Colleague: 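Quick one: this structure, given as structure tokens, is what I'll be asking you about.
Here the structure is a predicted model, which means the values were calculated and not measured. So that the names make sense, note that chain A is the first sequence line, chain B the second, and so on, each numbered from 1.
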Number of protein chains: 2
Amino acid sequence: MQQDRADEGEATVEPERFNQARAAQSMAVLEDYVEMIGDLISEFGEARITDIAQRMGVTHPTATKAVSRLKREGLAVSRPYRGVFLTEAGAELAERVRMRHRTLVDFLVAVGVPAETAELDAEGMEHHVSDATLRAFETYLERARASDGPDFQD
Amino acid sequence: MQQDRADEGEATVEPERFNQARAAQSMAVLEDYVEMIGDLISEFGEARITDIAQRMGVTHPTATKAVSRLKREGLAVSRPYRGVFLTEAGAELAERVRMRHRTLVDFLVAVGVPAETAELDAEGMEHHVSDATLRAFETYLERARASDGPDFQD
DNA sequence: CCGCAAATGAAGCCTTGGCAACATTTCTGT
DNA sequence: ACAGAAATGTTGCCAAGGCTTCATTTGCGG
Ligand SMILES: [Mn+2]
Ligand SMILES: [Mn+2]
Ligand SMILES: [Mn+2]
Ligand SMILES: [Mn+2]
């Protein structure tokens, strides 16, 4: 054999964190679309491809393709030339994603990130925040609110 | 024309945050590889495709393709059947990425995220942490270290 | 110095997420 | 009622990041 270099240190388990990040990334688009579709349904009663595309900042064929994937994964339903709707699973995911997004933004602001920046960064970060980390953020927020006490605006 | 729905609220600027997230994502792979290659060069004096692939948790053709992109973007250099090295730009990026990674993990742990989890989540989150947010994290850490004062273990 | 395993390269396939261009359907306004 | 614009669908292109399979080169050990 040639070189070895393999079993040097903890290099054996290391790759796992990249796999985790890749897995999270593969969910990111689904999560963003499902949340957005939920928003549109709340506002207008349905989510049209055009509106989805506009809000996501993509062209309509791109939005169509994403919706196809959502349907394939059982998160959305739609019929030709009609609006897009969420399945129960889709609605649940949307709700979880929305809460996580909100918690993350609140948390970032609480630790001193400018609101504008927090919103921008959160859009990408959120998809990599695990449940354990989210709980830590929530705990932090509760404590901060408790100690900042009186002068806290809902 | 048909429906309008366009100029309802802030929907016009909203897509920008998704574009930002997509831009960050397109850098993510470069950043991870460049950091990893830097590590390997520190340890062994060169970064071999096999070692890169193993640590990233991918097959060697995937690593080769990534290195091709790094070369194309002026971040790395290599000759056939020889190791991969970083350009000046590559080394600088690696250093920034390494610091950001470290700061993020430290910060997460400081706010109560379990170390193991922090490491996993950071691998994905890091690529979406802007300079402004990173500064906020650093400031937070400095203050935390100052108040936790004496009993702080290097 | 030479054989053979390891490392690297090369080709080709797949999926995803972008895009533009063109076809078809809906629906609004007159 | 119907013309024309808007919305949607369809097709085909591209790049990135995975993979498997096979070819080639390297370099160690004997
Ligand atoms: Mn997002
Ligand atoms: Mn979001
Ligand atoms: Mn990373
Ligand atoms: Mn990293």
Colleague: Take A:Gly57 and A:Tyr81, find for each the nucleotide of DNA chain C with the closest heavy atom, and name the residue whose nucleotide sits nearer the 5' end.
Modeller: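 That would be A:Gly57.
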Colleague: I need the CG-C1' distance between B:Asn19 and C:dG17, as an integer number of Å.
Modeller: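 So the two atoms are 13 Å apart, to the nearest Å.
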Colleague: Nearest whole Å is fine: how far is C:dC19 C1' from A:Lys65 NZ?
Modeller: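 The answer, rounded to whole Å, is 9 Å.
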Colleague: Starting from C1' on C:dT15, measure out to CG on A:Leu70 and report it in whole angstrom.
Modeller: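 Taking atom C1' of C:dT15 as the reference, CG of A:Leu70 is at 16 Å.
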Colleague: With a 4.0 Å limit, can you tell me whether B:Thr59 has a side-chain N or O closer than that to the phosphate oxygens OP1/OP2 of D:dC19?
Modeller: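 Checking D:dC19 against B:Thr59, a side-chain N or O does come within under 4.0 Å of OP1 or OP2.
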Colleague: CE of B:Met56 versus C1' of D:dG18: gap in Å, rounded?
Modeller: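 In whole Å, D:dG18 C1' and B:Met56 CE are 12 Å from each other.
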Colleague: Does B:Arg72 have a side-chain nitrogen or oxygen under 4.0 Å from the phosphate oxygens OP1 or OP2 of D:dA16?
Modeller: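 It does, given that an N or O in the side chain of B:Arg72 lies less than 4.0 Å from OP1 or OP2 of D:dA16.
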Colleague: Could you check whether any side-chain heavy atom of B:Glu123 comes within less than 4.5 Å of a side-chain heavy atom of B:Asp32, counting everything from C-beta outward?
Modeller: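 Sidechains of B:Asp32 and B:Glu123: in contact.
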Colleague: Under a 4.5 Å side-chain heavy-atom rule over Ile, Leu, Val, Met, Phe, Trp and Tyr, are B:Val109 and B:Leu104 clustered together?
Modeller: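 No, separate clusters.
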Colleague: Whole-Å distance between D:dA7 P and A:Arg55 CZ?
Modeller: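 It works out to 14 Å between those atoms.
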Colleague: Closest-nucleotide mapping onto DNA chain C: is B:His60 or A:Gln25 further toward the 5' terminus? I mean the 5' end.
Modeller: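 Result of the comparison: B:His60.
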Colleague: Strictly below 4.0 Å: does A:Thr50 bring a side-chain N or O up to OP1 or OP2 of D:dT8?
Modeller: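 For D:dT8, OP1 or OP2 has a side-chain N or O of A:Thr50 closer than 4.0 Å.
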Colleague: Would you say C:dC19 has OP1 or OP2 under 4.0 Å from some side-chain N or O of A:Thr62?
Modeller: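 The answer is yes; a side-chain N or O of A:Thr62 sits under 4.0 Å from OP1 or OP2.
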Colleague: Indicate whether OP1 or OP2 belonging to C:dT16 is found under 4.0 Å from a side-chain N or O atom of A:Ser26.
Modeller: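 So the side chain of A:Ser26 is outside the cut-off, no N or O lying under 4.0 Å from OP1 or OP2 of C:dT16.
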Colleague: Using whole Å, what does the distance between atom C1' of nucleotide D:dA7 and atom CZ of A:Arg79 come to?
Modeller: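 Atom-to-atom, A:Arg79 to D:dA7, this comes out as 16 Å.
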Colleague: Could you state the atom-to-atom distance from CD of A:Gln54 to C1' of D:dT8 in whole Å?
Modeller: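 Rounded to the whole Å, the gap is 15 Å.
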Colleague: Please work out whether the ring planes of B:Phe137 and B:Phe107 are parallel, tilted or perpendicular, with thresholds of 30° and 60°.
Modeller: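 B:Phe137 vs B:Phe107 ring planes: parallel.
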Colleague: Using modelled atom types and a 3.5 Å cut-off, is there a donor and acceptor pairing between side-chain atoms of A:Thr87 and backbone atoms of A:Gly74?
Modeller: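 Yes: the side chain of A:Thr87 pairs with the backbone of A:Gly74.
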Colleague: Are A:Leu120 and A:Val105 in one and the same hydrophobic cluster, where Ile, Leu, Val, Met, Phe, Trp and Tyr link if side-chain heavy atoms are under 4.5 Å apart?
Modeller: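 No, because A:Leu120 and A:Val105 fall into different hydrophobic clusters, even though each may have its own neighbours under 4.5 Å.
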Colleague: Mapping B:Val29 and B:Pro80 to their closest nucleotides on DNA chain D, which lands nearer the 5' end?
Modeller: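 The 5'-side residue here is B:Val29.
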Colleague: Does OP1 or OP2 of D:dG17 have a side-chain N or O of B:Arg69 closer than 4.0 Å?
Modeller: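 Yes.
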Colleague: Kindly point out which of C:dT8, D:dT8, D:dG27 is positioned nearest to the side chain of B:Arg48?
Modeller: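 Among the listed nucleotides, the one closest to the side chain of B:Arg48 is C:dT8.
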Colleague: What contact category does B:Pro61 fall into here, base, sugar-phosphate, or nothing, at under 4.0 angstrom with non-hydrogen atoms?
Modeller: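 The answer is base, as B:Pro61 lies within the cut-off (heavy atoms under 4.0 Å) of a base atom.
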Colleague: Rounding to a whole Å, what distance do you find between B:Ile49:CD1 and C:dA10:P?
Modeller: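 The distance from CD1 of B:Ile49 to P of C:dA10 comes to 11 Å, rounded to the nearest Å.
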Colleague: Using a cut-off of strictly less than 4.0 Å, decide whether B:Arg82 has a side-chain nitrogen or oxygen near OP1 or OP2 of D:dG27.
Modeller: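 For D:dG27, OP1/OP2 do have a side-chain N/O of B:Arg82 under 4.0 Å.
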